[in-house]
Structures are given as structure tokens and as C-alpha cells.
Number of protein chains: 2
Amino acid sequence: MSSASRGDLTTRARIRDGAVECFAREGFSVSVRTIAEHAGVSPGLVIHHFGSKARLREECDTHVRGVITEVKTQTVEEASGAFMLQQMAEIEQYGPVLGYVLRSLQSGGVLAADFFELMVEDVERFMAVGVEAGTVASSRDPAARARYLTSSALGSLMLHTTLHHTGAEPDFGQVMQEWIEAYMLPALESYTEPVLLDRTLLDTYVAHAGGGAGDEGGTGTGDD
Amino acid sequence: MSSASRGDLTTRARIRDGAVECFAREGFSVSVRTIAEHAGVSPGLVIHHFGSKARLREECDTHVRGVITEVKTQTVEEASGAFMLQQMAEIEQYGPVLGYVLRSLQSGGVLAADFFELMVEDVERFMAVGVEAGTVASSRDPAARARYLTSSALGSLMLHTTLHHTGAEPDFGQVMQEWIEAYMLPALESYTEPVLLDRTLLDTYVAHAGGGAGDEGGTGTGDD
DNA sequence: CAATACATTAAACGCATGTTCAGGCTGCTG
DNA sequence: CAGCAGCCTGAACATGCGTTTAATGTATTG
């Protein structure tokens with residue numbers, strides 16, 4: 001336990017952090033040898049410390065999850081747009097973590113689902129605040145809307161990454177910037193000015209699906 | 001050439017079709033041995049016919065691309081909503097192809113980019129028709145909007161697939177149905193009734209970024 | 001019927017992978 | 001100093017991969 005208390009500069013931690021970087025850069029099929037070389041150790045030592053590649057992956061998952069919740073807590077405590085922007089400016093600092101999350105989102109797995117749910121909760125809370133402030137419209141199903149918005153944004157970001165950075169070393173700062181440049185305007189436009197001028201589609205679907213099968217996620221339908 | 005003229009029931013074609021299924025079900029890391037077993041032949045024969053796994057993959061790409069353009073041509077010729085719905089009902093028929101495309105979208109590659117551009121073109125044309133008919137609002141940048149809408153929908157579908165069907169054998173009919181059930185209502189709602197009641201964000205962004213890059217679409221913002 | 005070309009297979013090759021093993025090195029403890 | 005325990009390495013092992021090779025069967029053709 002002495003090594004753990006001494007901080008994070010143990011060889012174990014160095015391997016772990018290096019592994020996060022490698023996983024982010026080259027995907028989860030990166031070899032143990034590459035990870036070992038990146039940390040300046042032998043492949044055997046990686047296994048000696050973590051038991052197996054799968055367990056190393058798990059440890060990376062929990063570590064990344066920890067970083068995320070830490071940042072999230074900070075953000076919630078500050079809860080200011082300025083801090084949020086500052087975070088986005090420092091996004092390069094979290095490059096490996098962001099890359100790791102994106103790789104997880106591509107590959108599936110527990111961390112990906114957890115992260116998605118975390119984002120959904122954030123978005124739902126954020127939207128609720130906007131609704132109360134009068135800047136955001138209320139929804140028939142706030143939870144579903146939050147899931148939809150999260151899924152669209154995250155999925156779009158994923159797609160952009162895979163399509164335009166097929167190389168093994170994507171720069172996530174650049175990816176993010178490209179993505180914002182390409183989609184920010186149409187997104188804001190679509191969310192501010194209705195895309196569909198004809199209400200028929202929505203009304204039809206609401207009459208059809210809303211009457212027959214209500215969803216069980218019972219936060220109730222939002223009213224004005 | 002006699003074998004090619006006899007139709008598609010050659011061993012080569014059987015292997016190819018089986019490979020598309022395998023790639024769709026298990027991803028592109030599926031082994032040649034699995035593909036061979038699926039087609040009821042030896043691994044060596046697969047290589048003998050296609051030269052290498054990479055070339056087999058290419059052939060699958062072009063084949064899938066062919067199926068897509070064929071279906072697309074039919075759809076354009078018919079161009080009726082009824083036919084479109086019929087196609088969606090028969091979507092299970094195209095399960096392997098759809099799965100293959102989704103895998104491509106996850107892994108990147110030429111087919112993925114091609115398919116995305118194809119979809120963007122379709123969406124842009126479709127939206128233009130709607131704008132002329134008065135059912136769809138005009139956009140400051142129709143091309144960017146088409147890209148955004150396509151990216152959101154496709155990305156969301158991808159994300160849903162990877163998150164909820166982490167198993168090796170996803171049923172794409174079911175995936176599609178789940179996706180529609182989860183996201184159709186909030187999507188229609190968001191596109192029909194503006195999400196953001198405050199125009200500040202949009203106006204700010206337009207003033208900031210729109211000053212540099214002008215819009216060429218410009219039939220006006222088309223609101224009341 | 002003999003010859004030729006093709007379809008097909010079983011076995012093996014070379015390689016990269018994750019993992020194991022036996023031992024060497026270092027630092028602490030008696 | 002002797003000994004022990006941990007960190008660490010280099011080499012080896014087992015496995016699965018894509019691919020090659022030699023040989024077998026099977027038609028078609030002269």
C-alpha cells in the first residue's frame with residue numbers, strides 16, 4: 001500500500017496512463033508490446049502488474065471514469081459558462097481521455113454505456129434549467145429528448161471522427177474543432193428555427209404512438 | 001466468363017455473400033476460417049478466389065455499393081412515400097447489407113465515406129423538395145444542414161447499435177425498430193417545434209462566424 | 001482414352017499475439 | 001554480511017491468424 005499512497009508516479013500508474021494513450025490513439029486492438037514499449041518496460045511487466053490485457057483495459061476504464069467524474073464534479077460546482085469554456089480550451093489536456101471515451105463509444109462496453117448515461121443525465125438537467133429559465137421549450141418527454149439530443153451530438157461526433165480521421169493517430173482537438181465548424185451553424189439553426197413547417201408528421205406520430213404505447217419512463221409528459 | 005454469365009450462384013459469389021454476412025455480424029476482424037466455414041468451403045479456397053482477405057473485403061465493398069445504388073435507383077424512380085415504406089418493411093431483407101454498412105461506418109474506410117456522401121446528397125435533395133413544397137424551412141446553408149441532419153441520424157443509429165447490441169450478433173431489424181421507438185418522437189418534436197426559444201445563441205454565432213463565411217443558399221430565413 | 005485446366009482441400013508455414021517462466025537486479029531487514 | 005522480497009527482463013510457449021503449397025478430384029477437350 002506504500003506505493004499507492006506515494007502518489008501516481010509508480011510504474012503501474014505509468015503503464016496505465018500510457019495504455020490509455022495507446023488505446024486512444026490506436027484503438028483497443030493495440031498490442032501489449034506497444035503499450036509496454038510506450039511505458040519503457042517489458043511486455044511481461046505489464047501482465048505481471050495487471051494480470052492480463054483485459055484487466056488492464058478494465059483498470060483504464062475505471063481510471064478514465066474517475067477522471068470524468070472528477071471533471072464533472074468541478075464543472076457542476078462552478079456551473080458557469082465561463083468555466084465550461086475554459087474547460088473546452090483545456091480540452092487538449094484531456095486528449096487521451098477524450099480519445100479513450102470515443103474509442104469506447106465505437107467499441108461498446110460498460111464504460112461507453114456509463115458515459116452515455118452520464119451525458120444524458122447532464123443534458124436532461126441542463127435542459128430542465130433552460131425550460132425553467134424560459135430559454136428552452138418544454139418537451140412531451142424530457143427524458144427521451146435528452147437521450148435524443150445526446151445521441152445525435154455524440155453519434156455525429158463519432159461518425160465525423162471515423163470518417164475523416166481514418167489514420168491511426170487522430171488529433172481530437174482538431175476533430176472537435178472541425179466538427180464544431182461543420183455542424184454548429186446548422187445545429188443552432190435547426191434548434192432555433194423549426195425545420196419542419198408542417199406539423200402533420202409530429203401530430204400523426206403523437207396520435208399514433210402516444211395513444212397506443214406510452215413509454216414507461218414515467219417522469220410524465222412535460223407541459224407548458 | 002461462362003461462370004459469371006450463369007448468374008450469381010457460383011462458389012465465388014456464395015463466398016462473397018457469406019463474407020458480407022460474416023462481416024456484418026462479427027465485424028471486419030472476423031477470420032477467414034469463419035468465412036470459409038460459413039460458405040462450406042476451405043480457408044484456402046477463399047484466398048484462391050480473392051487473392052487475400054483485403055481484396056475480399058474490397059469486393060464486398062463494391063458489391064454492397066452496387067446493391068445500395070440499385071435500391072436507390074428503384075427508390076428514386078418510384079419516388080413515392082408508399083414505396084419507401086414498403087422498402088422499410090422489407091428492410092430485413094437487406095439486413096446483411098445494412099449491417100455491413102454500419103460496420104463500415106464504425107471502422108471508417110472508403111465505402112463508409114461514399115455511403116455518407118450518398119446519404120447527404122439524398123437528404124439535401126429531399127430537403128430541397130420540402131422547401132419548395134413549403135413543408136420544410138429554408139436554411140442559411142442547405143448543404144451544411146443536410147450534412148448535419150445525416151450525421152446526426154446516422155451517428156445516433158450507430159451509437160445505439162454499439163451501446164445496446166454489444167453482442168456479436170445484432171439483429172438490425174430490431175436495432176432499427178428500437179431506434180425509431182426511442183428517438184422518433186423527440187426528433188419530430190425537435191424538428192417541428194423549436195427547442196431553443198432564445199435566438200441569442202444562433203444570432204451570436206451567425207454574427208461571429210457568418211461574417212467570415214457567407215451563406216450562398218439565401219432564399220431567406222423563412223419564418224413568420 | 002489421354003491430356004489439360006480448373007475447383008478444392010488438408011496440411012503446413014511464418015508471423016504476431018497474449019501470456020508464462022526462470023532468473024537477475026535492487027533495496028530492505030535480520 | 002546473508003537472506004529475503006519485490007520489481008523487472010529476455011526468452012520461450014501456445015495459439016490464432018492470413019497465406020502458401022502440394023496434391024486430389026473433376027470436369028472439358030482433343
Side-chain angles (χ1 to χ4, degrees), chain A residues 1-61 63 100 103-104 106-107 109 168-169, chain B residues 1-63 100 103-104 107 109 168-169:
Chain A
M1 292 291 179
S2 63
S3 59
S5 65
R6 289 185 66 183
D8 243 25
L9 37 114
T10 42
T11 306
R12 230 187 98 99
R14 231 179 53 238
I15 295 174
R16 190 216 328 110
D17 290 355
V20 170
E21 282 185 46
C22 290
F23 282 140
R25 269 212 312 267
E26 307 191 26
F28 295 114
S29 60
V30 70
S31 73
V32 172
R33 283 169 175 81
T34 301
I35 295 173
E37 194 180 358
H38 191 81
V41 299
S42 71
L45 190 64
V46 176
I47 301 298
H48 169 251
H49 274 304
F50 297 93
S52 72
K53 187 186 178 181
R55 284 182 45 92
L56 169 60
R57 165 87 192 272
E58 288 177 26
E59 206 130 327
C60 288
D61 272 17
H63 178 242
Y100 190 94
R103 294 284 184 189
S104 289
Q106 281 175 29
S107 312
E169 272 204 50
Chain B
M1 292 293 180
S2 62
S3 59
S5 65
R6 290 184 66 182
D8 243 26
L9 37 113
T10 42
T11 306
R12 230 187 99 99
R14 234 180 49 237
I15 294 175
R16 195 224 314 118
D17 290 355
V20 170
E21 282 186 47
C22 289
F23 282 140
R25 270 210 312 269
E26 308 191 26
F28 295 113
S29 61
V30 69
S31 71
V32 171
R33 283 167 174 83
T34 302
I35 294 174
E37 194 181 358
H38 190 80
V41 299
S42 71
L45 191 63
V46 177
I47 301 297
H48 170 250
H49 274 303
F50 297 91
S52 72
K53 187 186 178 182
R55 283 182 46 92
L56 168 62
R57 165 86 192 274
E58 289 176 24
E59 206 131 327
C60 288
D61 271 17
T62 63
H63 178 242
Y100 190 94
R103 293 285 185 190
S104 289
S107 312
E169 273 206 48

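Proteins come first, then strands; the chains are lettered A, B, ... in the order of their sequence lines, and each starts at number 1.
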Self-check item: Exam field: side chain A:R103 to backbone A:R25, donor-acceptor pair closer than 3.5 Å
Solution: yes
Exercise. Could you tell me the separation between the CD1 atom of A:I35 and the C1' atom of C:dA16, rounded to a whole number of Å?
Key: 15 Å
Quiz item: With sugar-phosphate meaning primed atoms plus P, OP1 and OP2, does A:V46 contact a base, only sugar-phosphate, or nothing at under 4.0 Å between heavy atoms?
Solution: nothing
Quiz item: Which letters describe nucleotides 8-16 of chain D, given B = protein heavy atom under 4.0 Å from base, S = only from sugar-phosphate, - = neither?
Solution: BB--B----
Exercise. Kindly compute the distance separating NE2 (B:H49) from OG1 (B:T10), expressed to the nearest 0.5 Å.
Key: 8.0 Å
Quiz prompt | A:F28 and A:F23 aromatic ring geometry - parallel, tilted or perpendicular at 30°/60° bounds | solution = tilted
Quiz item: What do the steps show when you test B:H38 against B:E26 for side chain to side chain contact (heavy atoms under 4.5 Å, CB included), and what is the final call?
Solution: CA-CA 12 Å; B:H38 190 80; B:E26 308 191 26; over 6 Å; no
Practice problem: Figure out the NZ/P separation between B:K53 and D:dT19, and round it to whole Å. | Solution: 8 Å
Exercise. Return the value, rounded to whole Å, for the distance between atom CD1 of A:I47 and atom C1' of C:dA22.
Key: 17 Å
Quiz item: Atom CD of A:E37 and atom P of C:dT17: how far apart are they, to the nearest Å?
Solution: 11 Å
Quiz prompt | Length of the line joining B:I15:CD1 and C:dT8:P, which is rounded to integer Å | solution = 7 Å
Quiz prompt | Exam field: side chain A:R33 to backbone A:P43, donor-acceptor pair closer than 3.5 Å | solution = no
Quiz prompt | Straight-line distance of A:R57 CZ to A:S104 OG, nearest 0.5 Å | solution = 5.0 Å
